[in-house]
Amino acid sequence: MIETTDAPSSLTPAQYPIGVFDSGMGGLSVMQDIRALLPNESLIYAADAGSVPYGGRSASLIRDRSRALVEFLAATPVKAVVVACNPATAAAVPDLRRHWPSLPIIAMEPAVKPAVAATRSGVVGVLATEGTLGSDRFSGLVSQYAGSVRVLTRPCPGLVERVEQGDLDSPALDRLLTRYLQPLLEAGADTIILGCTHYPFLRERILLLAGRPLHLIDTGAAVARELRRRLGASALLSPASAPAATAFWTTGDVAALERFLARHWQETPVRVRAIGNIEKTTQET
Ligand code: DGL
């Protein structure tokens, strides 16, 4: 059984919150874009920080956990779910859409198309987790959009963990980033796709280490626009005329998420609560 959130029983569906989830803090980069575009929507964020990183985990475990997280959010209820997580998009979205056919479910898509349009050197680099780069979804995007542009991929083990720890500028982080970026820069990449929702938090560091102008492209703003389009098409945009609140939940360390939010979330006060009990349904096999 999943613990439920506070039920807004007197609300109409357009007043329900939007649910957003990720394996950890990364989805907060997407939340920032959603909040900027839709200030009057209430939001609920669920971080599966007890299981982060999803990279390296089996597709079936990611599917199970994604389903449990959407169950948790849907119990609120929510009017849409944003899967702010690339591995969950690759492993779980078709399953989620089958289970919740009438719930708009908006997913991530590594920004291959805009990056191909943006490059002038004809070389695009992709930083992402191994699972995302190995997914059929990703290779499908490359064959659909790359054309004559070279798309060079670089899996980045360790970066998600650094961001989870709130480390956005240590020497150890710089060493990792340099190792991942250098081959892409040497090959002439002028455009880099940030193919993991944790990486926008490293944007400034990447630009500093690159030492030359670089397009860094992520998908958060496009996801926010797609969310607004879907809500509009279903007459589900919030009727509120004032900024709305955000609730944060985590399966991991409440204090760690609070610390992260203090640096990266404008609204105050923030309240983070613990999600209990979803582990039972999602044991790694
Ligand atoms: N933030 C995620 C992504 O978009 C997940 C990273 C992970 O847990 O491996 O890739």
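Residues: numbered from 1 along the sequence shown.
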Using 0.5 Å steps for rounding, measure from the CZ atom of Arg97 to the CG atom of Leu103.
10.0 Å
Indicate, with yes or no, if Val223 and Leu43 share a hydrophobic cluster defined by side-chain heavy-atom contacts under 4.5 Å among Ile, Leu, Val, Met, Phe, Trp and Tyr.
yes
Side-chain donor-acceptor contact under 3.5 Å, Ser29 with Gln32
no
Check the side chains of Thr251 and Asp48 for a donor-acceptor pair under 3.5 angstrom, ignoring hydrogens and angles.
yes
Can any side-chain N or O of Asn40 pair as donor or acceptor with the backbone N or O of Ala240 at less than 3.5 Å?
yes
If the threshold is 4.0 Å, N to carboxylate O, is there a salt bridge linking Arg203 and Asp218?
yes
In this structure, is the centre-to-centre distance between the rings of Phe72 and Trp249 below 6.0 Å?
yes
Measure from the ring center of Phe260 to the ring center of Trp265 and say whether it is less than 6.0 Å.
no
Indicate whether the side chain of Thr89 and that of Asn86 have a donor and an acceptor atom separated by less than 3.5 Å.
no
Does the Gln165 side chain pair with the main chain of Arg162, one donor and one acceptor, at a distance under 3.5 Å?
no
On a heavy-atom basis, which atom in Leu209 and which in Leu177 lie closest, and how many Å separate them?
CD1-CB, 3.6 Å
Quick one: NZ on Lys79 to CZ on Arg230, what's the gap to the nearest 0.5 Å?
13.5 Å
Would you tell me whether Glu267 and Thr246 have side-chain atoms, one donor and one acceptor, within less than 3.5 Å of each other?
yes
Smallest heavy-atom separation, Phe138 atom then Thr132 atom, equals CB-O, 3.2 Å
Distance alone, cut at 3.5 Å: any donor-acceptor contact between the side chains of Glu164 and His198?
yes
